[in-house]
Amino acid sequence: MKDKLSLLEQKKKEALAGGGAKRIDDQHKKGKLTARERIHFLLDEGSFEEIGMLVTHRATDFGLAKEKYLGDGVVTGYGTIHGRLVYVFSQDFTVFGGSLSETHAEKICRIMDLAMQNGAPVIGLNDSGGARIQEGVVSLGGYADIFYRNTLASGVIPQLSAIMGPCAGGAVYSPAITDFIMMVQNTSYMFVTGPNVVKTVTHEEVSAEELGGASTHSTKSGVTHFSCANEMECIQYLKTLLSYIPSNCEEMPPSVAYSEANEVREGLNTIVPENPNQPYDIREVVAQVADENSFLKYIKTLPKILLLALRV
Ligand code: HXC
């Protein structure tokens, strides 16, 4: 028994090491946190319960039988944020670029199912090169299972996606159909495939930022709702956003205690100018109507094509 327990301890240590010290170092050099560090900062201290820590992929082609990492590139489980239950998956870019294998997908589906059964939000911390190329169509099938669950969960539990690295293919299609999407400026991208593949296939040179950076998706496509300066700000946004929304469609949103400071303020009487031709800042009105410092700006930029249509 002792031997088995020490083997378990050894395997857990191996799982914590992800794709190895060198790749973790590379991740930090790019200004990115690791999958586990992100969970650490997101959840209440000590609340994380991991599921599937020792899972490995089942593939054998292209030398994969010899290259296995415990956890298979995604950390999954549940914990609490300000005491409320949430389910989380956090993709580990240090393992095959966080790409999605059949088993990686099964881990994500498992926590999506549990989130639905327990009426709690799902938070995806995405950092993935998409379908694991070596697994081919089996990996694509994994995405079908995830997309199916995204649609079942829609309108039932909140689905929050933080894009925290270069995400390609399915790693973008799934977040794109969730309720809230945030991106980190200069280190996160959402595209069908990366600039190198674009160049090889179409001979077109395009920068990662232009192709799918936070600036592109917050000012042109309108895909992202929050563009964050860094990963810590992104994690903070996730927590703040969660404090405004209910855990499922049958619950009421969290409420705060009544305070006299929240009463309608006198300033409202003077914000709107008497002269109807004089502009005023609508945010001042919102600030007066909402609880003090409670207004959370949700950016949803209209795609340019829609703006043109409106102008006509
Ligand atoms: C397997 C992958 C991978 C993938 C990256 N890696 N993407 N391994 N499958 N999809 C591996 C790399 O081989 C490398 O391994 C490590 O992850 C880091 O990748 P780099 O390229 O060195 O990093 P970076 O320069 O930051 O570029 C990241 C990237 C780029 C932009 C994501 O790797 C890229 O363009 N990957 C391919 C993206 C893609 O076309 N994916 C398939 C999408 S199709 P080592 O061993 O060197 O560390 C799809 C279909 C969905 O998802 C359809 C659903 C029905």
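The structure displayed is predicted, hence computed values, not measured ones. Order of listing sets the numbers, starting from 1, for every ligand and every atom in it.
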Undergrad: How close does the nearest protein non-hydrogen atom get to atom 5 (C) of ligand 1, and which residue and atom is it?
TA: Gly97 CA, 4.2 Å
Undergrad: Could you check whether atom 25 (O) of ligand 1 has a protein contact, counting only heavy atoms that fall below 4.0 angstrom?
TA: no
Undergrad: Among protein heavy atoms, which sits nearest to atom 51 (C) of ligand 1, and what does the distance come to when rounded to 0.1 Å?
TA: Gly170 N, 3.4 Å
Undergrad: Write out the residue and atom name of the closest protein heavy atom to atom 55 (C) of ligand 1, then the distance separating them to 0.1 Å.
TA: Phe147 CE1, 4.0 Å
Undergrad: What protein heavy atom lies closest to atom 45 (P) of ligand 1? Include the residue and the distance to one decimal.
TA: Arg23 NH2, 3.9 Å
Undergrad: With a 4.0 Å cut-off on heavy atoms, is Asn196 in contact with ligand 1?
TA: no
Undergrad: Could you report the tightest heavy-atom contact between Ser215 and Glu209, atom names first, then the distance?
TA: OG-OE2, 2.7 Å
Undergrad: In this structure, are over 12 heavy atoms from other groups packed under 6.0 Å from Phe147 atom CZ?
TA: yes
Undergrad: With a cut-off of 4.0 Å, which atoms of ligand 1 are near a heavy atom of Thr193?
TA: 38 (C), 39 (C), 40 (O)
Undergrad: Residue-level breakdown please: for Phe93 versus ligand 1, do any non-hydrogen atoms fall below 4.0 Å on the side chain, on the backbone, on both, or on neither?
TA: side chain
Undergrad: Check each atom of ligand 1 against the heavy atoms of Gly194 and keep those under 4.0 Å away; list them by number with element.
TA: 35 (O)
Undergrad: Tell me: protein heavy atom nearest atom 6 (N) of ligand 1, and distance?
TA: Phe96 O, 3.8 Å
Undergrad: Check each atom of ligand 1 against the heavy atoms of Arg132 and keep those under 4.0 Å away; list them by number with element.
TA: 1 (C), 9 (N)
Undergrad: Which atoms of ligand 1 have any heavy atom of Tyr143 under 4.0 Å away?
TA: 51 (C), 52 (O), 54 (C)
Undergrad: Does atom OH of Tyr148 have more than 12 heavy-atom neighbours from other groups under 6.0 Å away?
TA: no
Undergrad: Can you tell which of Thr94, Asp92, Thr34 makes a side chain to side chain contact (heavy atoms under 4.5 Å, CB included) with Arg23?
TA: Thr94
Undergrad: Could you tell me the residue and atom name of the protein heavy atom closest to atom 37 (C) of ligand 1, and the distance to it rounded to 0.1 Å?
TA: Gly129 O, 4.2 Å
Undergrad: Determine whether Asp127 and Arg38 satisfy the following criterion, salt bridge (Lys or Arg N to Asp or Glu O under 4.0 Å), listing intermediate values before the conclusion.
TA: CA-CA 11 Å; Asp127 194 355; Arg38 288 167 183 156; 3.1 Å; yes
Undergrad: Less than 4.0 Å from atom 47 (O) of ligand 1, is there any heavy atom belonging to the protein?
TA: no
Undergrad: Check each atom of ligand 1 against the heavy atoms of Ala168 and keep those under 4.0 Å away; list them by number with element.
TA: 38 (C)
Undergrad: Might you work through the side chain to side chain contact (heavy atoms under 4.5 Å, CB included) test for Asn118 and Ile157, ending with a clear yes or no?
TA: CA-CA 10 Å; Asn118 293 296; Ile157 51 168; over 6 Å; no
Undergrad: State the atoms of ligand 1, each with its element, that fall below the 4.0 Å cut-off from a heavy-atom position in Gly169.
TA: 43 (C), 49 (C), 52 (O)
Undergrad: Do me a favour and list the nearest non-hydrogen protein atom to atom 1 (C) of ligand 1 with residue, atom name and distance?
TA: Gln134 OE1, 3.3 Å
Undergrad: Tell me, which protein residue and heavy-atom name are nearest atom 29 (C) of ligand 1, and how many Å apart are they?
TA: Pro166 CB, 4.3 Å
Undergrad: Counting only heavy atoms closer than 4.0 Å, does ligand 1 sit against the backbone of Ala131, its side chain, both, or neither?
TA: both
Undergrad: Could you report the tightest heavy-atom contact between Ala59 and Glu135, atom names first, then the distance?
TA: CB-OE2, 3.6 Å
